[in-house]
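A quick write-up on the structure given underneath.
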Number of protein chains: 2
Amino acid sequence: MAATEKITIMDIARRTGLSKGTVDRVLHNRGEVSKKSYAKVMEAIQELGYEPNVFASLLAKGGKHLIAVLIPAHENGSFWELAASGIDKAAASVTTVGVDIVHFEYDQYDIDSFRKVAGKMLEAGPSGVVLAPMFQGETESLTEELQQRGIPYCFIDSKPDTNGYLAYFGMPLYKSGYLCADQLTGGRDVLSVLIIRVRRDRFRQSDPTVNRRAGFLDYMMENYPECRIDNVFIDPNDPEETEAALSTYFQTHPDVRHVVMFNSRIHLAVPYLQAHPDPQRRVVGFDNLKANMDALRNGTVSVLIGQRPDEQVNLAIQTLAEYAILGKLPPRKDHFMHMDILTSYNVEDY
Amino acid sequence: MAATEKITIMDIARRTGLSKGTVDRVLHNRGEVSKKSYAKVMEAIQELGYEPNVFASLLAKGGKHLIAVLIPAHENGSFWELAASGIDKAAASVTTVGVDIVHFEYDQYDIDSFRKVAGKMLEAGPSGVVLAPMFQGETESLTEELQQRGIPYCFIDSKPDTNGYLAYFGMPLYKSGYLCADQLTGGRDVLSVLIIRVRRDRFRQSDPTVNRRAGFLDYMMENYPECRIDNVFIDPNDPEETEAALSTYFQTHPDVRHVVMFNSRIHLAVPYLQAHPDPQRRVVGFDNLKANMDALRNGTVSVLIGQRPDEQVNLAIQTLAEYAILGKLPPRKDHFMHMDILTSYNVEDY
DNA sequence: TTGAATTCCGTGCACGGTAACGGAAATTAT
DNA sequence: ATAATTTCCGTTACCGTGCACGGAATTCAA
C-alpha cells in the first residue's frame with residue numbers, strides 16, 4: 001500500500017523557498033551557500049526526514065566504482081583459491097549497482113611482487129581495497145598511501161595492529177586453537193599429540209598459526225597437563241620428504257593417535273596417513289580446501305575447522321561497496337567469523 | 001580503468017534505426033511491435049550485449065516493491081524469533097534498493113489465524129512472499145492463489161511437495177538426523193539413548209522432526225544395532241510435568257547417558273538435566289535459541305546443530321527482491337543450508 | 001559613485017529508462 | 001475509392017539528482 005510518500009530534493013527546495021541547486025550544494029556541502037540558507041535547508045531536511053534517492057544519485061553521477069582485491073595468487077586447491085571464489089559471489093551482487101571488482105594477485109613468497117602489484121592496483125584508482133596482510137612493512141606503507149588518498153580498505157584473514165581500516169573479517173585465531181584441541185581430544189584422555197608444521201616461510205611476517213597454536217597449547221595445558229606434544233616439520237613442496245618424516249616419526253611413536261595441523265595444509269599429510277590407516281586415530285585440520293574435504297569424506301581426517309574465506313572477502317567487498325556508494329559505515333570494525341566444524345556428516349552442503 | 005562502455009537503450013535504437021520507445025516495448029515484450037522490428041532489436045541486443053541500467057529503470061518506474069514474510073508468531077526465545085531476526089538484516093540491504101518488507105505473523109496452533117493473516121497479506125499486494133509451511137491444506141490454497149496472481153514465493157524451514165515456488169531454503173532434514181546421531185555417540189559405543197519428544201501438535205501437518213528422527217534411527221541401526229532407544233513425551237507448556245516425566249524416567253534408567261531432542265526445544269529439558277548433572281552425559285539438540293546456547297555455555301548441552309534460520313529468511317528475501325527488481329531467477333530452486341555444529345567453544349561468534 | 005570582484009543562487013541539461021499519447025502506415029470494412 | 005480500424009512506431013514528459021554555467025546581489029576597491 002501507498003508507502004510513505006517519498007520526499008525529494010524539490011520538496012525541501014519549495015519548503016525553504018530556495019532552488020534545488022542550492023539544496024544540492026548543502027547536501028554535499030560544497031560551499032557557495034550563505035549561512036542562513038544552509039541552516040534553513042538543514043532544518044527542512046530534519047523536519048521532512050529527507051533521504052536521498054540512491055537510484056537517481058547513482059544514475060546522475062554515472063556510477064562506476066571500482067573495488068580492488070589484493071590477495072596472494074591462488075595456486076590450485078590453496079586457501080587463497082577459496083578466498084578468490086568469494087570475489088565472484090560478491091561481483092554478482094554488486095555489478096548490478098554499478099561496482100566493478102578487480103582481482104590483483106601477488107606471489108606470497110616474494111615481496112617485490114607484492115610491491116609491483118600494489119603499485120598497479122593504485123594506478124587502477126579503486127574506490128576501495130580488500131587486503132590480506134602478508135608482509136608487515138609493505139602492508140603498512142600501502143595502507144598509509146591509501147589513507148592519504150582517502151581510499152578505504154578492509155582486512156581479511158588476519159590484521160595488523162593499525163587502526164585506519166574500515167573493517168576486518170576473520171576468524172578468532174586464539175579461540176580456534178582452543179576449539180581445535182577440544183575437537184581433537186573429544187573429551188577423552190589423551191597422552192600424546194603430534195603437531196605437523198610447515199617449515200617457516202621466511203618472508204611471511206603475519207602468521208595466523210602462531211595464535212592458533214597458542215590457544216591449542218593452553219587448552220591442552222589446562223585439560224591434559226600430562227600430555228606429551230611432539231612437533232614434526234615438513235616441506236610443503238616435497239611430498240617424499242613429508243612421507244619420510246612422518247614415517248620416521250610414527251615408527252618410533254606408534255602409540256600417537258592424535259594428529260593436528262594449524263594451517264590449511266593437512267592434506268599434505270593425507271597420503272601417508274591414508275596409507276597407514278588406524279581406526280583409532282583422530283586428525284584435525286583447518287580450512288575447507290577440496291583436498292581436505294576429500295580426506296574428510298574418506299575418513300582420513302576426522303574434523304576440519306572452517307572459516308569461510310569466501311564469505312570474508314564477500315563481506316569485505318559488500319562493506320566497501322556500501323561505503324563507496326552510500327557512504328554507509330559498517331556497524332563495527334572487527335567481524336569475527338563463526339568457526340565451522342566440519343565432519344563427514346555435514347561436509348556435503350558446505 | 002575505463003570500464004566497458006555501458007551501452008544504452010539509445011545505442012540499440014540507433015543501431016536498428018528505430019526509436020527507444022520501440023526498443024523499450026520489445027524489452028518488456030508488451031506488444032505493438034512488428035515481427036521484423038522485434039527480431040532486429042533482439043539481434044542488436046545480443047550483438048551489443050545490452051544490459052539494462054537498474055537505477056534508471058527503478059527511478060523511472062518509481063521503485064517500491066513490497067515483500068511479505070508470513071511465519072508463525074515469535075514468542076520470546078522461540079525458533080521463529082530467530083527467523084524473524086533475519087528480516088531486519090535483509091531489510092537493511094533491500095530498502096536501499098526500494099524494497100519494503102512486511103512481517104505477518106500468525107498463531108501456529110490456529111488455522112483460522114493463518115487464514116486471516118494470509119488474507120491480509122494478499123491485500124497488501126506484495127511482489128513476493130516468504131512462507132514457512134505449517135498447515136498443508138491452507139498452504140496449498142494460498143500458493144495457488146499466489147500463482148494465479150503471478151506473485152512469486154519462497155519456502156523456508158521445510159517445503160511441501162509442490163513445485164511452483166521460486167526457491168526453498170532449509171536444512172537437509174534426514175541428513176541432520178544422521179549428523180545428530182554421530183555427534184551424540186561421538187564414535188563411542190552406546191547402549192541406550194533417550195529421545196525426548198513433544199506431544200504432537202494436532203494441527204501442525206508439516207513436521208521437520210519426522211525426517212530428522214528417521215535419519216537418526218537409521219544411523220543408530222547401522223552403527224549400533226544393539227542400542228536401546230527410549231522415548232519420553234513432554235508437554236511444552238507444563239514445566240512441572242516435564243520435570244516429573246524426566247525424573248521418573250531417569251529413576252528407572254539411571255544408566256542412560258545419551259539424550260537427544262529433534263526440535264528446537266532442548267531447553268525445556270535443561271532445568272531437570274542441570275539439577276541432576278552427570279559429567280558422562282551427552283546431550284544434543286537443535287537450533288541456536290538463546291536458551292539453548294546458554295545451556296551449551298554452562299555445559300548442560302554438549303552440541304547444538306544449527307541451521308541459521310535468519311540466513312534462510314534473509315536469502316529468501318534477497319532472492320525475491322532480485323526477482324522482483326531484475327527478474328533474475330535463482331541458479332537453482334532448492335538450497336540446503338549447511339548444518340552448523342555448535343559447542344561451547346565456537347558458540348560465541350555465532 | 002562607478003567598476004570590479006565576490007558571494008550566492010537559480011536554470012537547465014544530462015543520466016538511462018518508462019509509458020502515455022497521438023499520428024502515420026497498413027489493413028479491413030463499406 | 002473512401003472511411004474506419006488496426007498495427008506499429010516516434011515523440012515527449014517525466015523519475016530524482018548532480019553539476020556546469022551564468023546571472024543577480026552584495027561587497028570591496030578606486
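Convention: sequence-line order gives letters A, B, ...; per-chain numbering from 1. Everything quoted here is computed from the prediction, not taken from an experiment.
OP1 or OP2 of D/dG18 sits under 4.0 Å from a side-chain N or O of A/His28. Residue B/Thr8 places none of its side-chain N or O atoms closer than 4.0 Å to OP1 or OP2 of C/dC15. Look at B/Ser57 and you'll find a side-chain N or O under 4.0 angstrom from OP1 or OP2 of C/dT18. Between A/Ser34 and C/dT7, a side-chain N or O to OP1/OP2 separation shorter than 4.0 Å is absent.
Side chain B/Lys20 to base D/dG10: no donor-acceptor pair is found below 3.5 Å.
In this structure, CD1 of B/Ile9 is placed 15 Å from C1' of D/dC15, rounded to the nearest angstrom. At whole-Å resolution of the value, CE in A/Met10 and P in C/dT11 are 9 Å apart. Regarding A/Leu59, its CG atom lies at a distance of 12 Å from the P atom of D/dC19, rounded to whole Å. Taking atom CG of residue B/Leu18 and atom C1' of nucleotide D/dC8, one finds them 10 Å apart after rounding to whole Å. The CG-C1' distance, from B/Leu58 to C/dC15, rounds to 15 Å in whole Å. The interatomic distance linking A/Asn53 (CG) with D/dG16 (C1') rounds to 5 Å, in whole Å. For the pair B/Lys36 NZ and D/dT7 P, the computed distance is 18 Å after rounding to whole Å. Rounded to an integer number of Å, the gap from A/Glu32 CD to D/dA25 P is 18 Å.
Where A/Gly21 and A/Lys35 meet DNA chain C, the nucleotide closest to each residue was compared, and A/Lys35 sits on the side nearer the 5' end. If you find the closest nucleotide of DNA chain D to B/Arg25 and to B/Ala56, the one lying nearer the 5' end belongs to B/Arg25.
Note on A/Leu27: nothing from the nucleic acid sits closer than 4.0 angstrom, heavy atoms only. Residue contacts shown for B/Tyr50 are limited to sugar-phosphate atoms, with no base heavy atom under 4.0 Å away.
In the set D/dT17, C/dC9, C/dG17, C/dG17 carries the atom at the smallest distance from any side-chain atom of B/Asp24. Residue B/Lys61 places its side chain closer to C/dT18 than to any other of C/dT18, C/dG10, D/dG10. If you check D/dG18, C/dA19, C/dG17 against the side chain of B/Arg30, the one that comes closest is C/dA19. Closest to the side chain of A/Ser19, from the set C/dC9, C/dG16, D/dT17, is C/dC9.
In this structure, B/Ser113 OG and B/Gln108 CD are separated by 9.5 Å, a value rounded to the nearest 0.5 Å.
With a 4.5 Å cut-off on side-chain heavy atoms, B/Lys159 and B/Asp334 count as touching.
Taking the six-membered ring for Trp and the full ring otherwise, the centers of A/Tyr165 and A/Tyr153 sit at least 6.0 Å from each other.
If you check the side chains of B/Tyr168 and B/Asp157, you find no donor sitting under 3.5 Å from an acceptor.
Within a 6.0 Å sphere centred on NZ of B/Lys120, other residues, nucleotides and ligands contribute 12 heavy atoms or fewer.
Nearest heavy atoms, B/Trp80 versus B/Ala73: CB-O, 4.1 Å.
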